[in-house]
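Here the structure comes first, spelled out in structure tokens, and everything after it is commentary.
Here is how names work: the chains are called A, B, and so on, in the same order as the sequence lines, proteins then strands, and each is numbered from 1. These numbers come from a predicted model, not from an experiment.
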2 protein chains.
Amino acid sequence: MNSRYIEIYEEIKKEILEQKIRAGEKLPSENTYCKIYGASRGTIRKALDLLVEEGFVHRQHGKGMYVLDHHLISFSFGGLASFKEAAESSGQFFTTLVPLFEKIRIDDSLHEKTKLPVDKEAYKIYRIRKLDQERVILDINYFLTEIVSGLTINQAEGSIYEYIEEKLGLKIGFAQRVIQVEPVTAKDRHFLDVKSHPVVAVVKNFVHLQDGTQFEYTESRHRPDRFVFTDFVRRR
Amino acid sequence: MNSRYIEIYEEIKKEILEQKIRAGEKLPSENTYCKIYGASRGTIRKALDLLVEEGFVHRQHGKGMYVLDHHLISFSFGGLASFKEAAESSGQFFTTLVPLFEKIRIDDSLHEKTKLPVDKEAYKIYRIRKLDQERVILDINYFLTEIVSGLTINQAEGSIYEYIEEKLGLKIGFAQRVIQVEPVTAKDRHFLDVKSHPVVAVVKNFVHLQDGTQFEYTESRHRPDRFVFTDFVRRR
DNA sequence: ACTCATTTGTTCGTATGTATG
DNA sequence: GCATACATACGAACAAATGAG
């Protein structure tokens with residue numbers, strides 16, 4: 001079903017996550033992997049490229065590949081993951097409330113904010129994420145109804161991405177993301193347990209399908225003391 | 001000296017940045033590029049992969065590649081760029097002050113914070129970034145003296161990365177990065193024009209050489225109203 | 001509905017270059 | 001100098017998505 005290099009990538013990643021190869025240890029050479037998986041070196045390299053890119057291993061010309069210490073990259077938000085995926089992989093227990101679920105029309109000022117096309121209809125959804133009985137994240141979602149049709153409040157309580165990808169068969173492509181710090185609004189005070197915090201950490205997502213059309217704008221407003229964003233970057 | 005696919009990548013990227021191919025427009029096909037550059041398809045694809053990864057273009061199976069609207073990414077701190085590189089590409093005019101430049105020893109509590117090896121010696125440097133006569137960023141750097149030897153206060157006023165890469169010939173590999181929001185400290189109040197802002201946005205960098213050894217810890221403390229972090233992510 | 005050319009996606013095999021020990 | 005391992009490059013083939021006829 002999937003391509004071979006993805007399968008190999010997932011198998012090796014699993015071995016690293018299960019500590020069958022530990023941090024600091026050397027991976028088998030590319031040629032060894034060729035024999036293990038019966039694949040060409042190009043295919044093996046494509047699989048290993050993914051691990052390098054995600055920060056699981058690093059390569060050294062002439063020496064080999066080594067597993068990196070993954071001490072805290074337990075992805076609060078590393079890639080383009082849904083909230084449910086991120087929460088599950090971080091092992092924390094969240095619950096979701098949906099205090100608002102309605103259809104609206106994108107006007108000029110909303111277009112300015114969301115970059116969604118003017119005059120289209122969209123679902124506007126608020127979702128509150130609770131951790132340890134405290135409301136720490138407010139997600140404000142806009143989905144074009146034209147693309148994400150038939151959404152219900154039930155799905156919003158679970159994973160909307162699951163619905164989009166599995167039920168509708170749509171392929172999510174990429175997102176531009178902006179992180180900023182903003183003063184708390186009346187809405188934040190109403191929907192979050194902001195305590196005395198005067199600001200929130202805001203993550204804005206402009207999400208596109210694989211064909212390049214933007215179908216979503218989401219703004220995640222985090223109570224600053226619970227906000228952590230982790231990232232892995234390579235030079236050049 | 002560079003590899004062919006890097007050259008090709010840079011040429012095409014230049015064409016996009018100079019708007020010779022505009023947002024929404026289609027790129028020449030891979031086979032066309034093969035003829036243009038006299039390279040194999042594999043090499044062309046490696047060059048194009050980089051553009052895809054950085055969010056300049058998106059690919060559509062069976063159709064072609066299209067240039068993305070780059071309104072957000074243009075002043076991106078998304079990659080592992082030095083402050084000087086980022087400032088130059090964003091076109092803003094910053095100046096740098098160096099109020100502290102000293103050698104210290106990594107003790108246990110500093111190891112906890114920086115992850116640098118205990119008992120090694122390090123440069124500890126404060127650097128203030130001024131924009132429009134306002135001190136908006138405080139960089140706190142630790143560099144292992146063993147690796148980054150011979151650093152002077154003059155270099156610290158320019159680009160330390162330039163010194164590390166060009167003068168010392170060291171190869172920077174990758175960094176783990178954490179973004180958080182923290183209450184202002186007395187140090188922030190002293191070195192930054194924090195105004196009435198009660199918090200700062202903090203970016204922590206754990207930077208490693210290509211051989212995997214960590215040689216730097218840097219904490220960038222931003223006044224929250226001037227802090228923007230942009231990112232580009234793909235769904236896998 | 002079907003065929004066909006175009007274009008991207010995956011895989012293979014092979015060769016050569018370069019860094020490490 | 002030599003063996004090992006990663007880096008780059010070429011060419012070929014077939015698969016899969018798209019759009020035109």
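Note: CD1 (B:I44) to P (D:dG11) measures 12 Å, nearest angstrom. Per the geometry, CD belonging to B:Q60 stands 13 Å off P belonging to D:dA17, to the nearest Å. Distance B:Q210 CD to C:dT18 P: 16 Å, rounded to the nearest Å. Spacing between atom CD1 of B:I6 and atom P of D:dA9 amounts to 9 Å, rounded to whole angstrom units. Between the C1' atom of D:dA9 and the OH atom of B:Y37 lies a distance of 17 Å, rounded to the nearest Å. Rounded to whole Å, the distance from OH on B:Y5 to C1' on D:dC10 is 16 Å. Rounded to a whole Å, the NZ atom of A:K26 is 7 Å from the P atom of D:dC6. A:N2 has its CG atom 13 Å from the P atom of D:dA16, to the nearest Å.
For the residue pair B:E112/B:S109, the side-chain donor-acceptor check at 3.5 Å is not satisfied. Donor-acceptor pairing under 3.5 Å is recorded for the side chains of B:T213 and B:D211.
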Checklist entry - Would A:R234 and A:H58 count as a side chain to side chain contact (heavy atoms under 4.5 Å, CB included) if you check the C-alpha gap in whole Å, the side-chain angles of each, and the deciding distance to 0.1 Å? => result CA-CA 10 Å; A:R234 317 200 76 82; A:H58 74 105; 4.0 Å; yes

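No contact: A:G42 has no heavy atom under 4.0 Å from any strand. Residue-level contact check: A:R45 touches the bases, meaning some heavy atom is under 4.0 Å from a base atom.
Mapping A:S40 and B:G64 onto DNA chain C by nearest heavy atom places B:G64 closer to the 5' end of the strand. With DNA chain C read from its 5' end, the first of the two nearest nucleotides for B:K171 and A:K46 is the one closest to A:K46.
Between B:S3 and the phosphate of D:dT8, there is a side-chain N or O to OP1/OP2 separation shorter than 4.0 Å. The side chain of A:R59 contributes an N or O atom lying less than 4.0 Å from OP1 or OP2 of D:dA7. For D:dA17, the OP1/OP2 oxygens have no side-chain nitrogen or oxygen of B:K63 closer than 4.0 Å. Taking 4.0 angstrom as the limit, A:T43 places a side-chain polar atom (N or O) nearer than this to OP1 or OP2 of C:dC12.
Distance CD/A:E54 to CZ/A:F232: 10.0 Å, rounded to 0.5 Å.
Salt bridge status for B:E11 with B:K14: absent, with no side-chain N to carboxylate O gap under 4.0 Å. Look at B:E7 and B:R4 and you find a salt bridge, because one of the NZ, NE, NH1 or NH2 atoms lies within 4.0 Å of a carboxylate O, short of that distance.
The side-chain hydrogen bond (donor to acceptor under 3.5 Å, both in side chains) search around A:K26 returns none, not counting sequence neighbours.
Judged by distance alone with a 3.5 Å cut-off, a donor-acceptor contact links the side chain of B:H61 to the base of D:dA16.
More than 12 heavy atoms of other residues, nucleotides or ligands sit less than 6.0 Å from atom CD of A:E18.
Where the helix from C:dC2-D:dG21 to C:dG21-D:dC2 starts and where it ends, the local axes point in directions that differ by 10°; five pairs per end, rounded to 10°.
For A:S29, taking side-chain heavy atoms from C-beta onward, the closest of the listed nucleotides D:dA5, C:dG9, C:dT7 is D:dA5.
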